Amino acid sequence: MEQKYSPKDVELKWQSVWESEKTFKAAADKDKQKYYLLEMFPYPSGRIHMGHVRNYSIGDVIGRFKRMRGFNVMHPMGWDAFGMPAENAAIQNKSHPATWTYENIAYMRNQIKKMGFSYDWDRELATCDLDYYRWEQKLFLEMFAKGLAYKKTSFVNWCPKCETVLANEQVEDGCCWRCDTEVKQKELDQWFFRITDYAEELLENTYKLPGWPERVLVMQRNWIGKSFGCEINFPLENSTDSIRVFTTRQDTVFGATFMSLAPEHPRALDLATPDQRDSVIAFIDKIRKTDRIKRTADDFEKEGVFTGSYCINPVSGVRMPIFLANFVLMDYGTGAVMAVPTHDQRDFEFARKYDLPLKVVIQPEGKTLDPLSMLEAYTEAGIMANSGQFDGMQSGDAKEAIANFLHSQGHGAKTVNYRLRDWGISRQRYWGNPIPVIYCDSCGVVPVPEKDLPVVLPKDVEFSGEGGSPLAQMDSFVNCTCPVCGKAARRETDTMDTFVQSSWYFLRYCCPDFKDGILDRESVDYWMSVDQYIGGIEHAVLHLLYARFFTKVMRDLGHISADEPFVNLLTQGMVIKDGAKMSKSKGNVIDPDALISKYGADTARLFSLFAAPPEKDLDWNDQGVEGSFRFLGRIWKLVHDRLDLIKNAGPVDAGSLSAEERTLRRAVHKTIRKVTEDLDERFHFNTAIASVMELLNILQPAELSTPQFPAVMKEALQSVILLMAPFVPHITEELWQRLGNKSPLTLTSWPDYDRSAVVDEELLVVVQVNGKLRSKITVAAGTGEDELKALALADEKVAQFIEGLTVRKVISVQGKLVNIVVG
RNA sequence: GGCGGAGUGGUGAAAUGGUAGACACAGCAGACUCAAAAUCUGCCGAGGGCAACCUCAUGCCGGUUCGAGUCCGGCCUCCGCUACCA
């Protein structure tokens with residue numbers, strides 16, 4: 001029998017067994033408690049990196065542990081396969097995105113399989129598979145029918161060189177992430193998903209997700225950005241019309257002395273008086289040419305233009321000049337802001353620049369502000385002033401009172417505003433899911449009829465890298481007939497944002513082969529929700545918010561029952577080396593393939609689990625990897641060294657153990673308890689592994705000539721193997737077999753600890769004097785409190801610290817500590 | 001500016017309010033070896049002492065407590081996200 005630990009042979013052997021036996025195939029089983037475990041699926045970029053290794057290693061520990069605990073575990077893997085890199089690679093290599101993508105998938109699948117993860121590969125899917133994206137098109141049409149997908153004109157990030165829309169996250173420092181060209185704002189007709197319809201539920205449910213990290217929930221709440229305030233109408237001078245503003249500071253309404261509109265505001269132009277018209281047009285033009293990133297930068301100079309028109313402050317009667325201002329955003333609130341220069345810093349700066357009037361309406365407690373000498377706006381709470389019947393009130397109370405007053409006078413009403421915007425999903429890209437819509441000159445926007453789905457991405461397409469979307473240049477794709485009137489029509493050439501695919505893949509995993517619809521409700525309702533989701537914190541808002549949104553949409557469309565997709569979320573830290581995130585440009589990348597061929601998958605897994613707790617960043621350390629490899633070597637050697645000893649050993653007879661045997665066995669069962677708690681309740685894999693290391697440090701030198709020593713040692717080694725199985729599945733499976741076990745480790749139950757075996761016979765009790773450690777005494781278990789205190793007071797080391805002093809109090813913690821308070 | 005997270009040895013890190021630094025990495029010393037590698041053993045926060053031991057020490061300053069790395073208040077530093085949000 002092979003005595004030397006050779007990871008390669010062991011790992012290939014068991015991987016092929018798991019594959020051929022379909023060990024990890026999951027099927028719905030109403031008699032077992034289901035456990036849906038999911039890691040964020042990878043983008044098939046070409047090769048896996050250490051971040052993947054870490055992510056999937058964490059998941060695999062949980063999956064294998066839950067399986068041993070008797071859960072019906074479903075653990076799928078797939079590919080987030082549409083996206084720009086494939087198209088860029090196609091342009092560079094003169095190949096096809098599909099070729100590039102599927103080759104990458106094949107390579108990465110092989111890499112992942114070499115890690116020995118417990119995936120049900122029968123559920124594998126790639127989002128660029130026709131059998132995936134066709135159902136997404138159907139879903140789009142259902143959303144379109146409900147008004148949840150709609151088209152509108154809006155300003156978007158536009159790269160003039162790539163000729164495509166960029167998502168906000170694809171804009172880096174105001175430039176295109178691909179070609180570094182400065183990004184412009186462009187007004188385009190775009191498809192949107194009405195996520196704002198779900199803003200309130202998405203927000204409310206963040207308070208019903210105790211299994212999520214608080215910081216992710218907070219980030220989502222901030223992103224949704226609910227704020228309470230008022231909408232107030234400011235009548236235009238000499239008109240029956242008015243300008244509506246949103247404010248959270250209605251308590252300052254008496255101090256509003258002018259009005260600021262966003263340059264994109266629909267009324268901007270027609271409010272311009274003839275003599276101001278030229279400068280207004282010039283200003284709007286200038287803003288349009290400034291990209292949004294620069295315009296919203298912190299230090300951007302506040303600038304504006306007077307329209308020539310006025311409105312009337314409905315409560316103070318003040319005549320307010322209407323300005324356009326570069327810092328007012330059209331997509332927040334109503335795009336119009338009542339300017340209160342005394343109590344808003346932006347308005348203050350603007351007023352100083354354009355010499356506009358200031359009126360103080362809130363005074364700080366015990367002080368009087370003078371508008372002429374103010375150096376900055378006073379934005380805190382205070383006492384109301386110059387505000388009619390509200391003078392003297394606390395400004396906090398005045399918020400409510402003024403809101404009610406405005407309502408009663410017909411000037412406005414309390415309202416709630418959200419920062420969240422609808423989700424723009426149109427991309428002028430080839431390698432994505434075609435939006436299934438047709439444009440007809442007679443009938444307008446016509447959804448592709450269900451019988452004509454799917455709209456297949458054409459294969460024979462040219463990639464020049466210029467002139468925008470390749471689809472738009474393909475007459476054979478664009479030209480079609482209108483399904484309604486039969487006349488010539490044009491097909492939509494935009495594809496969907498890749499975040500659309502990742503918003504529901506976890507649902508499709510429940511029924512990947514379902515042919516009759518988007519989802520098989522019975523399967524989805526059995527498996528959903530995901531019991532544990534694991535991925536990087538970088539998706540805290542976008543993906544995780546979109547997935548929550550889609551889950552609610554799917555529920556409301558009648559496809560599923562779940563309200564929330566992910567019950568528990570674990571966000572793992574980054575993999576760092578030499579103080580920086582691993583990246584090619586920094587040259588600090590560790591290649592998983594090289595690691596596996598040198599040390600094996602088990603070592604790679606063990607190190608990435610041992611070096612840091614999952615949520616923290618992991619500092620990669622080559623010597624630490626060596627250490628993990630050594631530990632596996634020690635387990636391997638210890639088991640082989642003891643094989644002869646334990647070969648014929650039977651079960652432990654707990655009733656007739658010697659004291660030394662009991663001590664050894666106690667260490668084993670305490671370790672079982674500790675590892676179980678660390679895995680089950682806390683996901684503290686590093687401390688779980690450390691406790692097995694401690695046990696090994698005890699077992700290795702243990703040598704007794706007592707009759708039950710072989711039995712105790714056998715139980716100990718079996719336990720070590722069982723406890724390590726979720727972390728390092730290959731070596732443990734091999735050792736399990738070499739110990740003579742007939743059924744595989746993957747089908748073995750997790751060990752229970754023996755409650756009577758973990759009870760200490762003697763306890764080490766710490767003795768403190770005034771809270772300082774002064775002595776340690778060993779007492780028999782079950783020593784009473786009074787006796788314990790007496791023993792502590794009688795201790796000779798303690799004596800010198802209490803001599804001549806009065807003992808005022810003695811505190812004892814059962815079996816742990818005595819603190820003697822003297823003075 | 002706003003929100004969130006984190007500060008513990010040379011390093012990664014442990015510690016339900018109860019022995020600070022488990023476990024590991026690095027380092028030092030030793031055993032084995034002709035030698036090296038591998039393996040094994042011991043030491044390993046700082047200062048003092050021949051020693052038993054003592055003092056100090058978890059970013060800083062206070063507080064609560066018999067007892068604080070842990071709880072509370074106020075700072076400092078670093079990291080992340082977000083940002084002219086009216």
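Every chain is numbered from 1, with letters handed out A, B, ... down the list of sequences. These numbers come from a predicted model, not from an experiment.
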Between atom CD in A:Q700 and atom P in B:U41, what is the gap in whole Å?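 Rounded to whole Å, this separation is 6 Å.
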Side-chain contact test, heavy atoms from C-beta onward, threshold under 4.5 Å: evaluate it for A:L420 versus A:W223 and give yes or no. yes
Ignoring hydrogens and geometry beyond distance, is the side chain of A:Q768 in donor-acceptor contact with the base of B:G18 at under 3.5 Å? yes
Where do A:R352 and A:E376 land on the salt bridge (charged side-chain N to carboxylate O under 4.0 Å, His left out) test, with the steps shown first? CA-CA 10 Å; A:R352 282 279 190 256; A:E376 58 179 10; over 6 Å; no
Return the pairing partner of B:G80 with a 3.5 Å limit on both distances, Watson-Crick or G-U wobble; otherwise return none.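 Because both required distances fall under 3.5 Å, B:G80 counts as paired with B:C3.
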Taking only N and O in the side chain of A:N621, is any of them less than 4.0 Å away from OP1 or OP2 of B:A26? no
For a quick check of understanding: with a heavy-atom distance under 4.0 Å over all strands, which category does A:V766 fall into, base, sugar-phosphate or nothing? base
Using atom CD1 of A:I689 as one end and atom P of B:C25 as the other, report the distance to the nearest whole Å. 13 Å
Ring-face cation contact, A:F607 with A:R605, 6.0 Å cut, 45° max: no
Could you please name the option among B:A24, B:G18, B:A83 that lies closest to any side-chain atom of A:K816? B:G18
Within less than 4.0 Å of OP1 or OP2 of B:A15, is there a side-chain N or O belonging to A:R682? yes
Which one is paired to B:G73, where only Watson-Crick or G-U wobble pairs with both distances under 3.5 angstrom count?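 Per the H-bond distance test, B:C61.
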Distance check, C1' atoms only: B:G30 and B:U11, in whole angstrom units.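 25 Å, rounded to whole Å.
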Classify A:V821 by what it touches in the nucleic acid, base, sugar-phosphate, or nothing, heavy-atom distance under 4.0 Å.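 Sugar-phosphate contact only - A:V821 comes under 4.0 Å of backbone atoms but never of a base.
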Whom does B:C50 pair with, Watson-Crick or G-U wobble, provided both distances fall under 3.5 Å? none
Check A:R642 against A:Q700 and note the closest heavy-atom contact, atom names and distance.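 In this case the closest contact between A:R642 and A:Q700 is NH2-O, 3.1 Å.
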For B:A22, the Watson-Crick or wobble partner whose two distances fall under 3.5 Å: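 Matched B:A22 with nothing under the 3.5 Å cut-off.
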Give the nucleotide from the list B:C25, B:A13, B:G4 with an atom nearest to the side chain of A:Q623.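 Per side-chain heavy atoms of A:Q623, the pick is B:C25.
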Please give the distance between the P atoms of B:A29 and B:U8 as a whole number of Å.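 Rounded to whole Å, the distance is 29 Å.
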Comparing A:G333 and A:E694 on RNA chain B - which has the more 5′ nearest nucleotide: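 So the residue in question is A:E694.
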In whole angstroms, how far is the P atom of B:A26 from the CG atom of A:D619? 15 Å
Rounded to the nearest angstrom, tell me the gap between atom CG in A:L696 and atom P in B:U41. 11 Å
Determine the contact category for A:F348: base if any of its heavy atoms lies under 4.0 Å from a base atom, sugar-phosphate if only primed atoms, P, OP1 or OP2 are that close, otherwise nothing. nothing
Pick the closest RNA chain B nucleotide for A:E349 and for A:N686 by heavy atoms, then say which residue is nearer the 5' end.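 Nearer the 5' end of the strand: A:N686.
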Determine whether A:L632 and A:V728 make a side-chain contact, defined as any pair of heavy atoms from C-beta on separated by less than 4.5 Å. yes
Nearest-angstrom distance, P atom, B:G42 to B:A24: 11 Å
Presence of salt bridge, A:D344 and A:R346, under 4.0 angstrom: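 Yes, charged N to carboxylate O under 4.0 Å.
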Across all strands, who's sitting opposite B:A31 as a Watson-Crick or G-U wobble pair, both distances under 3.5 Å? B:U39
Which part of the nucleic acid, if any, lies within reach of A:D347 when heavy atoms closer than 4.0 Å are counted: base, sugar-phosphate only, or nothing? nothing
Under the criterion side-chain contact (heavy atoms from CB on, under 4.5 Å), which of A:T252, A:V340, A:T342 is the partner of A:V360?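 Result for side-chain contact (heavy atoms from CB on, under 4.5 Å) with A:V360: A:T342.
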With rounding to the closest Å, how many angstrom separate the P atoms on B:C72 and B:G18?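 After rounding to an integer number of Å, I get 15 Å for this pair.
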Closest to the A:T687 side chain: B:A22, B:A86, B:A83? B:A22
Could you check whether A:R249 gets within reach of a base, just the sugar-phosphate, or nothing at all, counting any heavy atom under 4.0 Å?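 Counting heavy atoms under 4.0 Å across all strands, the contact made by A:R249 is with sugar-phosphate only.
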Hey, is the side chain of A:H684 poking within less than 4.0 Å of OP1 or OP2 on B:A15, counting only N and O atoms? yes
Is it true that atom NZ of A:K226 has more than 12 heavy atoms of other residues, nucleotides or ligands lying nearer than 6.0 Å? yes
Does a nitrogen or oxygen in the side chain of A:R630 sit under 4.0 Å from OP1 or OP2 of B:C25? yes
Base, sugar-phosphate, or nothing for A:L764, non-hydrogen atoms under 4.0 angstrom?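 It contacts base atoms.
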Please pick, from B:U19, B:A86, B:C3, the nucleotide with the shortest atom-to-atom distance to any side-chain atom of A:N222.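 That would be B:C3.
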Winner on side-chain proximity to A:A612, out of B:G18, B:C84, B:A13, is B:A13
Does the side chain of A:R346 get closer than 4.0 angstrom to OP1 or OP2 of B:C85 through an N or O atom? yes
Quickly work out the A:E615 CD to B:G80 C1' distance and round it to whole Å.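 About 15 Å, once rounded to whole Å.
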Rounded distance in Å between the P positions of B:A15 and B:U65: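 Between the two P atoms, the distance is 28 Å.
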A:N697 side-chain proximity, nearest of B:U55, B:G12, B:C23: B:C23
Could you walk me through whether A:E303 and A:K353 pass salt bridge (charged side-chain N to carboxylate O under 4.0 Å, His left out), step by step? CA-CA 8 Å; A:E303 205 181 345; A:K353 178 163 180 171; 5.5 Å; no
Looking at A:R774, does any N or O in its side chain come under 4.0 Å of the phosphate oxygens OP1/OP2 on B:U55? yes
Rounded to the nearest Å, what distance is computed from the CD1 atom of residue A:I698 to the P atom of nucleotide B:A22?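 Between P of B:A22 and CD1 of A:I698: 15 Å.
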Does OP1 or OP2 of B:C40 have a side-chain N or O of A:R634 closer than 4.0 Å? yes
Return the value, rounded to whole Å, for the distance between atom NZ of A:K616 and atom P of B:G4. 20 Å
Selected nucleotide, minimal atom distance to A:F610 side chain, candidates B:G4, B:A24, B:U41: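 Nearest to the side chain of A:F610 among the choices is B:A24.
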Is the phosphate of B:U19, meaning OP1 or OP2, less than 4.0 Å from a side-chain N or O of A:K776?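 It does not, given that no N or O in the side chain of A:K776 lies less than 4.0 Å from OP1 or OP2 of B:U19.
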Its glycosidic angle compared against 90° from 0, B:G9 adopts the form syn
Between OH on residue A:Y5 and NE2 on residue A:H640, distance to nearest 0.5 Å: 11.5 Å
Residue A:M693, side-chain atoms from C-beta onward, closest of B:U19, B:C66, B:A24: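 Selected nucleotide: B:A24.
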Between B:C23, B:C56, B:C84, spot the one nearest the side chain of A:K772, thanks. B:C56
Report the base-pairing partner of B:G17 (Watson-Crick or G-U wobble, both distances below 3.5 angstrom), or none. none
Within this structure, what is the CG-to-C1' distance between A:L420 and B:U82, rounded to whole angstrom? 15 Å
Distance test, side-chain N/O of A:R215 to OP1/OP2 of B:C79, below 4.0 Å: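 No, outside the criterion.
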Given B:U41, B:C53, B:G18, the nucleotide with the shortest approach to the side chain of A:K797: B:C53
P atoms of B:U70 and B:G7, separation to the nearest Å: 11 Å
Under 4.0 Å, counting only non-hydrogen atoms across every strand here, what does A:P701 touch: a base, just sugar-phosphate, or nothing? nothing
